[in-house]
There are 2 protein chains.
Amino acid sequence: MGRNRATLADVARRAGLSKTAASMVLNGREGTRLSAEAHQRVFAAAEELGYRPNLAARSLRTRKTATIAFVSDIVATTRFAGDLIRGALDAARERDHVLLITETQGDATFEQYAIEAVLDRQVDGVIYAAMATRRLTVPAAILGGPVVLLNATSPDGLPSVLPDDEGAGRCVAAALLELGHRDAIALIGRNRLKEDDPEVSLAARARLHGIRQTLGEADVSLLAECFCAEWLPEHGYAAMRALLSKPKRPSAIICMNDRLAFGAYQALGEAGLTVPEDISVISFDDDPIAAWLRPSLATTALPHEQMGRRSVELLLDGGAAEPSLVAMPLRRRQSLAPPAG
Amino acid sequence: MGRNRATLADVARRAGLSKTAASMVLNGREGTRLSAEAHQRVFAAAEELGYRPNLAARSLRTRKTATIAFVSDIVATTRFAGDLIRGALDAARERDHVLLITETQGDATFEQYAIEAVLDRQVDGVIYAAMATRRLTVPAAILGGPVVLLNATSPDGLPSVLPDDEGAGRCVAAALLELGHRDAIALIGRNRLKEDDPEVSLAARARLHGIRQTLGEADVSLLAECFCAEWLPEHGYAAMRALLSKPKRPSAIICMNDRLAFGAYQALGEAGLTVPEDISVISFDDDPIAAWLRPSLATTALPHEQMGRRSVELLLDGGAAEPSLVAMPLRRRQSLAPPAG
DNA sequence: ATGCTCTGCTAAATCAGTTTAGCGACCACT
DNA sequence: AGTGGTCGCTAAACTGATTTAGCAGAGCAT
């Protein structure tokens with residue numbers, strides 16, 4: 001790679017000036033007294049030689065690499081990770097930085113390795129990302145420099161970026177109230193583990209809280225709450241069937257995520273009920289399947305791209321210690337209608 | 001980041017030896033005549049100081065960075081990208097390398113920028129990845145060093161990694177034949193653009209070829225072939241409805257990808273037909289929804305993780321010029337059954 | 001005593017930049 | 001004539017590693 005690249009010395013020689021002069025001109029240093037002609041000669045020489053600085057050499061002196069480490073626990077298992085990374089990549093490019101990406105797979109040994117690997121490469125800062133919104137403790141090794149937590153918080157008071165799950169909960173509840181749903185709203189996806197252990201999830205509790213708050217303000221309480229061991233389609237399916245076997249049929253269903261909603265759709269289809277005429281469905285995440293479902297599923301989008309972007313901005317500009325919340329926009333789709341009758 | 005890290009000079013001083021000695025010991029150089037005691041002292045000093053070499057400094061001298069660039073056109077829009085990256089990350093870690101990831105978004109300016117950014121950082125090689133299997137021309141700038149094409153080929157005869165779509169086509173056809181399907185197999189997802197322009201897709205043509213070949217060997221030809229403008233659920237839905245409106249109902253459907261199959265499921269559901277009793281469905285890709293569908297969808301998996309891994313191996317070990325094909329395993333699921341009657 | 005080899009180690013160059021300190025020429029002023 | 005300041009530029013140090021060339025001392029043979 002990069003054999004026979006021109007060096008600064010080559011440029012200087014060709015311009016008939018010293019390395020010092022060439023360096024100063026190319027870095028646009030203010031206050032140097034180099035002549036306009038010298039500037040021209042350096043620029044011309046650099047242009048002709050296709051000069052590009054060797055960043056390894058530069059960073060040896062300046063201790064800046066224009067490189068950010070993106071350390072995450074698990075990227076592959078969730079389809080959202082791509083958006084997180086994309087947002088970070090975009091913001092990084094805008095600021096002339098580049099991303100060194102590593103994955104720990106939740107394994108302490110791998111994490112240790114990943115962190116050493118990026119620190120050895122003198123990265124300017126670390127974005128420590130979690131794929132499920134949760135609380136975690138960051139390894140001490142990275143505390144020597146700037147760190148931003150992405151989709152996570154820590155007890156250390158480090159700057160962090162989180163989706164506004166509580167706001168999304170309020171938003172979802174408000175959307176149903178607005179349509180006239182009141183006493184027949186059921187919830188699918190309660191989960192003690194997710195709600196009670198912030199190291200597992202912060203989203204479940206926040207969403208639930210937001211929903212309850214807005215319903216409470218309208219003096220409405222939930223018709224039913226189904227617990228699910230996981231937030232997967234099969235659990236949504238089972239929960240929906242359970243709900244339909246009860247005497248009072250719900251007019252609207254809130255699912256804690258789109259995969260549950262997908263399962264709920266399957267159960268509704270089998271029961272011969274149509275969405276949204278018989279039952280409205282609304283959910284969280286905006287998984288790609290939400291738009292593919294028939295009818296398309298209303299949901300609040302996890303703003304992963306925005307979050308990725310924000311994390312880079314926070315890292316490079318320095319950010320406040322309190323978590324930076326990113327709004328989860330409501331995607332109004334076909335699965336919403338006023339209650340029947 | 002990395003303030004007050006111990007340097008090699010610190011280690012040497014503490015061990016009471018020269019930098020040269022320390023460097024040689026820590027690099028495990030053979031043939032040096034340093035005493036066992038010197039070795040011990042260096043190791044001890046390094047351990048005590050928590051010494052880690054500064055890779056920027058090292059690579060300035062050695063022109064090796066143990067860093068690989070992963071340049072892709074678009075990562076975010078496809079859920080598969082994560083697997084490609086994960087495989088590459090795993091293989092890279094096993095070989096003590098790290099990945100610098102950039103994205104061009106199919107934009108020439110961004111691509112130029114991305115390539116300069118990674119070359120400036122002296123990467124040891126470039127993995128040039130495409131998110132849709134296709135043919136492309138790589139920018140001349142990266143030809144100065146090792147390059148591997150991932151999910152793509154180029155006319156330059158560079159080493160490349162591709163999924164075995166043709167094999168998958170054969171495999172899909174064979175699975176149906178094996179169950180007894182013969183004269184009522186229909187295909188959803190023909191697409192001229194994808195089939196005829198290798199710069200758009202190599203998969204469509206290869207899959208079709210594989211299917212035709214195996215069916216042909218059994219003297220079977222397709223009952224119908226539906227063209228689709230895109231491979232999205234809505235197109236699969238429309239195609240399935242069209243098929244069902246014809247006099248002869250198919251006994252099995254091959255969809256060119258899982259999203260089409262998802263749409264086909266929706267149409268089958270509406271028509272009151274059940275999978276697999278009335279109609280078998282089989283597909284390509286192994287999108288996560290394939291496993292979530294009811295009944296679960298049989299499909300051939302795109303081996304993205306394997307491919308990512310292979311690309312790193314090829315890059316570091318040097319690879320043959322002919323494309324390295326990675327098998328697409330068949331996932332047998334509930335959507336397959338012998339033809340009715 | 002001299003020359004030779006071998007052992008165990010180090011000084012210094014090198015990689016490609018940035019940065020500090022300062023040099024010589026020219027001008028103005030007293 | 002001497003002094004001081006500005007202008008335009010450069011030599012050399014520095015970053016933290018690797019690597020080349022070679023030095024001092026011991027052991028041995030002649």
Side-chain angles (χ1 to χ4, degrees), chain A residues 1-43 45-46 49-67 116 119-124, chain B residues 1-42 45-46 49-67 119-124:
Chain A
M1 219 82 247
R3 287 184 297 264
N4 39 346
R5 281 164 66 110
T7 70
L8 184 64
D10 297 330
V11 172
R13 196 173 313 119
R14 180 166 193 124
L17 290 163
S18 67
K19 284 197 315 176
T20 310
S23 170
M24 286 171 156
V25 168
L26 292 175
N27 288 320
R29 269 273 276 270
E30 312 267 319
T32 131
R33 298 184 296 244
L34 293 161
S35 66
E37 207 221 317
H39 275 79
Q40 271 201 9
R41 290 219 307 273
V42 171
F43 285 133
L49 295 174
Y51 170 72
R52 301 236 88 220
N54 179 327
L55 297 192
R58 170 181 291 169
S59 68
L60 185 54
R61 186 81 232 259
T62 61
R63 343 206 104 245
K64 296 239 153 285
T65 49
T67 302
E116 281 176 356
L119 292 183
D120 289 353
R121 285 169 180 81
Q122 315 294 120
V123 294
D124 292 345
Chain B
M1 219 84 246
R3 287 184 297 263
N4 39 347
R5 281 165 66 110
T7 69
L8 185 64
D10 297 330
V11 173
R13 197 173 313 121
R14 180 165 193 125
L17 289 163
S18 67
K19 283 197 313 176
T20 311
S23 171
M24 287 172 154
V25 167
L26 292 175
N27 289 320
R29 269 272 276 271
E30 312 267 320
T32 131
R33 297 183 297 246
L34 293 161
S35 66
E37 206 222 319
H39 275 78
Q40 271 201 8
R41 290 219 307 274
V42 170
L49 296 173
Y51 171 72
R52 301 236 89 218
N54 178 327
L55 296 193
R58 170 181 293 169
S59 68
L60 184 55
R61 188 78 234 262
T62 61
R63 342 207 104 244
K64 295 241 154 284
T65 50
T67 302
L119 293 184
D120 290 353
R121 285 170 181 79
Q122 316 293 120
V123 295
D124 293 343

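Sequence lines set the chain letters: A, B, ... in the order given, protein chains first and strands last, and positions in each chain run from 1.
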Can you tell if the side chain of [X] reaches within under 4.5 Å of the side chain of [Y], non-hydrogen atoms only?
{"X": "Arg14(B)", "Y": "Asp10(B)", "value": "no"}
{"X": "Asn54(B)", "Y": "Gln122(A)", "value": "yes"}
{"X": "Leu8(B)", "Y": "Leu26(B)", "value": "yes"}

Do the side chains of Arg5(A) and Asp120(B) get close enough for a salt bridge, i.e. N-O under 4.0 angstrom?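 Looking at Asp120(B) together with Arg5(A), the answer is yes, because their closest N to O distance falls below 4.0 Å.
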Take atom CZ of Arg121(B) and atom P of dG17(C), then tell me their distance rounded to the nearest Å.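 So the CZ-P distance, Arg121(B) to dG17(C), works out to 14 Å.
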Under 4.0 Å protein heavy-atom contact, by nucleotide of nucleotides 9-19 of chain D - B base, S sugar-phosphate only: SBBB-BBBBBB
Under 3.5 Å: donor-acceptor pair, side chain of Thr32(A), backbone of Glu30(A):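 No, Thr32(A) side chain to Glu30(A) backbone: no donor-acceptor pair under 3.5 Å.
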